[in-house]
Amino acid sequence: MRNSLKGFLCSMAAVCLTILAAVSCTHVDDTLGQDFIPGGNDKLSLHIDTLGLGEGEAITASQVFYDSIGLAGSTRHTRGAMNLHIAYMGRSSDPTFGKITAASIATCLPSEPVRPYFYRGRHSTFDSVKLSLNMKLVSGDPSVRQRFNVYRLRDTLAYTTDTIYYQSFRYEDHIESEPAFSFEYSGTPADIEEIKLDVLPAGEAFLKEMMAADTTLFYSDRYYEYLRQFKGFAIVPDTSTPENAALYVNYLPNTYLNLYYQRDRDDWEIEVDDENKEREITAYMQLAFTDNDTRDNTSIASIRRDYSGTPYAALNEGQRIEAEGVAYVQGIGGMATVLTFPDSFFESLEARKPSSDYTIYINQAQLFVWVPEHTATAYDRAFQMMGSYSNYGKMSIIADYYISDSETTSVEVPYDGKLNRNPGKGYYRMDISSFLQHALLNDDDESRSLTLGGTYTPYEPFSDYFTSLMVAGSERPVQVRVVYTLIKPNGEQ
């Protein structure tokens, strides 16, 4: 019995020694996959902070004048001041924000395939020309009557992916020397206004040219040849128009130039209606200003601002004006707000590192900018979405994220930028993660400046909007909420 127990204990001891030996020889490779993790053996820690409120961290603001901000990066996304589907015309003035003069330049095409019978007897007596507009008042005094001239374009407007027209477009260099038509207008428009035009000598020549043109030129498959001969029109405020008149916005897809002719009975076939009565003997051709990407149709919004005699007169010379407490963003060009991030802002962020050999990676940075007035009226007047633009990188003047991509693709980009209209809120929140990461690594002035400007869609009359922003010197200065990762240097435990 004793020998059996002794044998059993010896056997168990041998097993334990074998297991211990096996365990002592086993090595677990805890570096597996480290090449796929940024930093490998680095230690990571996540942090959230708000910057811009501490001493020396204040993000300063200044006013600048801009022309079609942020639209030079890609014609696929936005097209400067061209093909916005809306047009502006008129003159208005504000004692604080200066004068604005707007003109509408557009090509136009026959609105529908023209039936051949229209061309029988096209030398009939000309009757009248009427301009059909879909306007609304933007600003100014609508009781002031103003005169507009309609010029024929002398040059063909380009429509290519390499061509962008901006608000500073000089239409004077591309129109005939004398207007073809003119008209006067005042008042608050209804939805659709049909205005009879005064036909001037250049207009009579145009009508004769239209009647003498080859019939097939007006067919829908000949639009390219048509635009080479009839290049379009510019609707321009006459120099006699007072500066304190009104500015109107016009929806181009509902804009037509109607050419009326008297149908002489000897030259036209008599048409009868269902009751066998003669139809009206007036015929017309309708030219449409609609923007159609597939037909090389082009429109341009020419906007000119003058800040002379206002606190912002220096903007005329391209200077910046420091903003204290409040800054502004105007529609249709005008003022934008430039935010400058001081070196102390980034020094404060760097101070979050336990030692200088740590690395900071920006996971997310959200810019918060408040509006001073929290009322429905103020919210309605403000831009419903604010864009942040920077010059960093290989692409010139781009938004931190393409605004159009956030609405037109299946991939949702985390830009936000929309005005929070909830009571007591009233702020814009914009994702500036890529901007801040770049600015953290580059200390030049351009890399650390961000421009706030309006955003709009092709169908949105962006002149309606005007936003006041609270900036440094106010009770709610600009702030940035940063989510960042601190990365320990390699090898540190």
Side-chain angles (χ1 to χ4, degrees), residues 27-61 70 73 338-369 387-403 405-406 411-417 427-452 471-472 477-493:
H27 174 70
V28 178
D29 184 4
D30 59 2
T31 65
L32 183 64
Q34 70 171 357
D35 293 338
F36 298 99
I37 302 175
N41 287 325
D42 296 352
K43 303 298 182 180
L44 312 178
S45 59
L46 194 65
H47 303 264
I48 302 176
D49 278 310
T50 298
L51 300 177
L53 300 177
E55 184 177 356
E57 294 178 7
I59 301 167
T60 60
V338 173
L339 300 180
T340 301
F341 291 69
D343 293 343
S344 54
F345 177 94
F346 297 96
E347 291 168 359
S348 176
L349 183 57
E350 292 279 357
R352 268 73 173 173
K353 299 192 302 186
S355 62
S356 60
D357 49 2
Y358 273 64
T359 300
I360 292 182
Y361 176 78
I362 304 297
N363 300 88
Q364 185 184 57
Q366 293 180 320
L367 180 75
F368 288 82
V369 188
S388 58
Y389 304 87
S390 177
N391 280 333
Y392 69 87
K394 295 181 179 179
M395 303 183 71
S396 61
I397 322 181
I398 61 172
D400 200 57
Y401 292 96
Y402 276 126
I403 304 303
D405 274 350
S406 68
V411 179
E412 182 178 355
V413 296
Y415 178 74
D416 193 2
Y427 62 76
Y428 296 97
R429 179 180 61 193
M430 293 159 274
D431 192 300
I432 60 168
S433 304
S434 56
F435 163 80
L436 199 64
Q437 184 69 59
H438 177 88
L440 186 63
L441 302 175
N442 298 270
D443 60 2
D444 58 285
D445 293 340
E446 186 177 58
S447 295
R448 294 186 170 183
S449 294
L450 194 64
T451 300
L452 301 184
V471 294
V478 179
Q479 302 172 28
V480 180
R481 184 170 63 193
V482 186
V483 180
Y484 59 96
T485 300
L486 290 178
I487 307 175
K488 287 184 178 182
N490 287 332
E492 184 173 327
Q493 299 300 318

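Numbers here simply count residues along the sequence, with the first being 1. Note that the structure is a prediction, hence the values are computed from the model and not measured. Just the heavy atoms: all of them, side chains too, but no hydrogens, waters or symmetry mates, feed the values below.
Atom CG of Asp357 and atom CD1 of Ile487 lie 12.5 Å apart (nearest 0.5 Å). Note that CD of Gln364 is 9.0 Å distant from CD1 of Ile48, once rounded to the nearest 0.5 Å. For the atom pair NZ of Lys488 and CG of Leu44, the computed distance is 10.0 Å after rounding to the nearest 0.5 Å. Note that the CD1 atom of Ile432 and the CG atom of Leu339 stand 8.5 Å from one another [nearest 0.5 Å]. The structure places CD of Glu347 at 10.5 Å from CD of Glu57, a figure rounded to the nearest 0.5 Å. Between atom CG of residue Leu53 and atom CD of residue Gln479 there is a gap of 4.0 Å, rounded to the nearest 0.5 Å.
Using a 4.5 Å heavy-atom threshold, the side chains of Pro477 and Ile59 count as separate. No side-chain heavy atom of Leu440 sits under 4.5 Å from any side-chain heavy atom of Val482. Two residues are said to be in side-chain contact when any heavy atoms from C-beta on lie closer than 4.5 Å; Val480 and Thr50 fail this criterion. Within the 4.5 Å cutoff, no side-chain heavy atoms of Ser348 are placed close to those of Phe345. The shortest side-chain heavy-atom distance between Thr340 and Thr60 falls under the 4.5 Å cut-off. At least one side-chain heavy atom of Leu452 sits under 4.5 Å from a side-chain heavy atom of Met430. When side chains are defined from C-beta on, Leu367 does not count as touching Tyr428, because their heavy atoms never get closer than 4.5 Å. A 4.5 Å side-chain heavy-atom check between Phe435 and Leu450 finds at least one atom pair inside the cut-off.
Ring geometry, Tyr484 versus His47: the interplanar angle falls under 30°, so the pair is classed parallel (tilted spans 30 to 60°).
Shown here for Lys353 and Leu486, the closest heavy-atom pair between the two residues is CG-CD2, 3.9 Å. The shortest non-hydrogen separation linking Asn442 to Arg448 is O-NE, 3.2 Å. Closest approach of Pro342 and Gly56 over heavy atoms only: CG-O, 3.8 Å. Closest approach of Ser449 to Asp445, counting heavy atoms only: OG-O, 2.9 Å. Nearest approach of Ile360 to Gln437, heavy atoms of both residues: O-NE2, 3.8 Å. The nearest pair of heavy atoms linking Asn363 to Ser433 is O-OG, 4.2 Å.
The ring-ring contact (aromatic ring centres under 6.0 Å, His included) search around Tyr427 returns Phe368, Trp370, not counting sequence neighbours.
By the 6.0 Å contact criterion, CG on Asp343 is enclosed, its count of non-hydrogen atoms from other residues, nucleotides or ligands being greater than 12.
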